[in-house]
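This report refers to the structure that appears directly beneath it.
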2 protein chains.
Amino acid sequence: MYDVFRKYINEVTSSIIPDDEFKHYEEAFAKKTMKKKQFFLHEGSVCKYAAFIVKGAMRLYSIDEKGHEHIVRFGIESWWMTDRESFQMLTPSRYNIDAVEDCELLVTTSEAVARLKDRSPLFLKLMQILDQNSYIASQHRIESTISYTAEEKFMQLMNTYPAFLHRFPQNMIASYLGLTPETLSRIRKQVLLK
Amino acid sequence: MYDVFRKYINEVTSSIIPDDEFKHYEEAFAKKTMKKKQFFLHEGSVCKYAAFIVKGAMRLYSIDEKGHEHIVRFGIESWWMTDRESFQMLTPSRYNIDAVEDCELLVTTSEAVARLKDRSPLFLKLMQILDQNSYIASQHRIESTISYTAEEKFMQLMNTYPAFLHRFPQNMIASYLGLTPETLSRIRKQVLLK
DNA sequence: AAATTGGGTTGATATAGATCAAGGCCGCCG
DNA sequence: CGGCGGCCTTGATCTATATCAACCCAATTT
């Protein structure tokens, strides 16, 4: 399990992490498994943990007054999952996180992250790269939600994260795109006919 | 001009930056003024500079095939403005950035930023804080665009960035929210009557 | 002072996408 | 094996928001 993580770090940072440095990582991250539909975070509680997804699929979502779910983020293998705001500030979260498939995770806390940043310059670099990439991806998503039609949103998702389409049911994809499942179904038909 | 910047850094990092360290900042950042409507970045070119806004207001936007502008970000005093993706990767940008009011800026390049991160741990810290805050703000905006009605989006903006409402014309606010100016006008009337 | 321009409003109509309702198709569990 | 629940589709309507068009007002230009 840790070897997947190690390989990931080497790739993202374009480096080779030495054994003695990686020992700190093993201390900082605990293994955890989750069954499908199990909650990682409940709305209202502090998100004490951040997870690196070794295997499986998760989602982060809010629930509005009408009881509708709105999926803000998906996560699959090699993605991170946490409510960043709650995790860092230790404030109660407005989101839920649960497992869409059975998951294998490496889980850490914000203190462990801070410690590891001090001990491993590579980890600091990793965090910087991730933050930057997350921010850039968020900007793209914002642009797409304010500019595009339903069909364009779907096409953009097809191009950007094709893996999502196989991993998550249509109603979740619809929620992620800000559409109803019915609309997505109709649009898919159109797009696939072309 | 630099004193505003210095004060800002002290506030955000909760520190007091020593004179000799701040000298590096003055080297890394050049003063620049811009007149209203002047372009800081044109679609298709690389965004070589990042600006700290000392005074004035700017916007970052894309233009779709139909010629419609979509405002992805606003910036006013003490905000940063750049196309992060293009600035870091040195890839051609899909966005335009221009001045909505006359501006006073402190401008830097990605090499200067990298150098400053090495020389000043405080600057590194600043960048980390900014990245994190930007990311968190982006997540909120995504949630709002996929979950909320036009009226809710407007109210959220009123609460989150009330200053924008006085600084930017309604048609730009509408674009930022992903609405037409007509719709925003009607919604404003409703909201203000309540 | 007339003309132009940029921003905002208002009204009439059109339409993308939501909502409501029903039915079909598995895969799973008793 | 049979029934049930999750997921998807399809059809009929409804509605929020876009579009089109006209007009207003204030500021700027000539």
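Computed over heavy atoms, backbone and side chain alike; hydrogens, waters and symmetry mates excluded.
- Side chain A:R188 to base D:dT10: no donor-acceptor pair is found below 3.5 Å.
- In this structure, B:L177 atom CG and D:dA16 atom C1' are separated by 16 Å, rounded to whole Å.
- Within 4.0 Å (heavy atoms only), A:L179 reaches sugar-phosphate atoms of the nucleic acid but no base atom.
- Interface remark: the A:E182 side chain does form a donor-acceptor pair with the C:dC20 base, using a distance-only criterion of under 3.5 Å.
- Using a 4.0 Å cut-off between charged side-chain N and carboxylate O, B:E27 and B:R115 make no salt bridge.
- Taking the ring axis of B:Y176 as reference, the NZ or CZ atom of B:R141 stays within 45° of it and closer than 6.0 Å to the ring centre.
- Summarising the geometry, the separation between CZ on B:F154 and P on D:dA16 is reported as 19 Å, rounded to the nearest angstrom.
- In this entry the distance linking NZ of B:K36 with C1' of C:dG6 reads 9 Å, nearest Å.
- Note: OH (B:Y148) to P (D:dT17) measures 15 Å, nearest angstrom.
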Next on the checklist: Using the rule given for side chain to side chain contact (heavy atoms under 4.5 Å, CB included), can you reason through A:L41 versus A:Y49, listing the C-alpha separation, both sets of side-chain angles and the distance that settles it, and then say yes or no?
Outcome noted: CA-CA 9 Å; A:L41 169 69; A:Y49 307 104; over 6 Å; no
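- Applying the 6.0 Å contact sphere to CE of A:M89 captures more than 12 heavy atoms from other residues, nucleotides or ligands.
- Atoms CD1 (B:I187) and P (C:dT9) sit 12 Å apart, rounded to a whole Å.
- Phosphate contact (OP1/OP2 of D:dT10, side-chain N/O of A:K189, threshold under 4.0 Å): present.
- Atom NZ of A:K66 and atom C1' of D:dT15 are 12 Å apart (whole Å).
- A salt bridge links B:D19 to B:R6: one of the charged nitrogens lies within less than 4.0 Å of a carboxylate oxygen.
- In the interface, the side chain of A:R186 is paired with the base of D:dG11 through a donor and an acceptor atom under 3.5 Å apart.
- Side-chain atoms of A:T183 lie closest to C:dG17 of the nucleotides C:dT19, C:dG17, C:dT10.
- The interatomic distance linking A:E152 (CD) with C:dG17 (P) rounds to 9 Å, in whole Å.
- Distance B:L184 CG to C:dT9 C1': 12 Å, rounded to the nearest Å.
- Closest approach to the A:P169 side chain among C:dG6, D:dC7, D:dT9 is made by D:dC7 (side chain taken as heavy atoms from C-beta onward).
- Phosphate contact (OP1/OP2 of D:dC8, side-chain N/O of A:N171, threshold under 4.0 Å): present.
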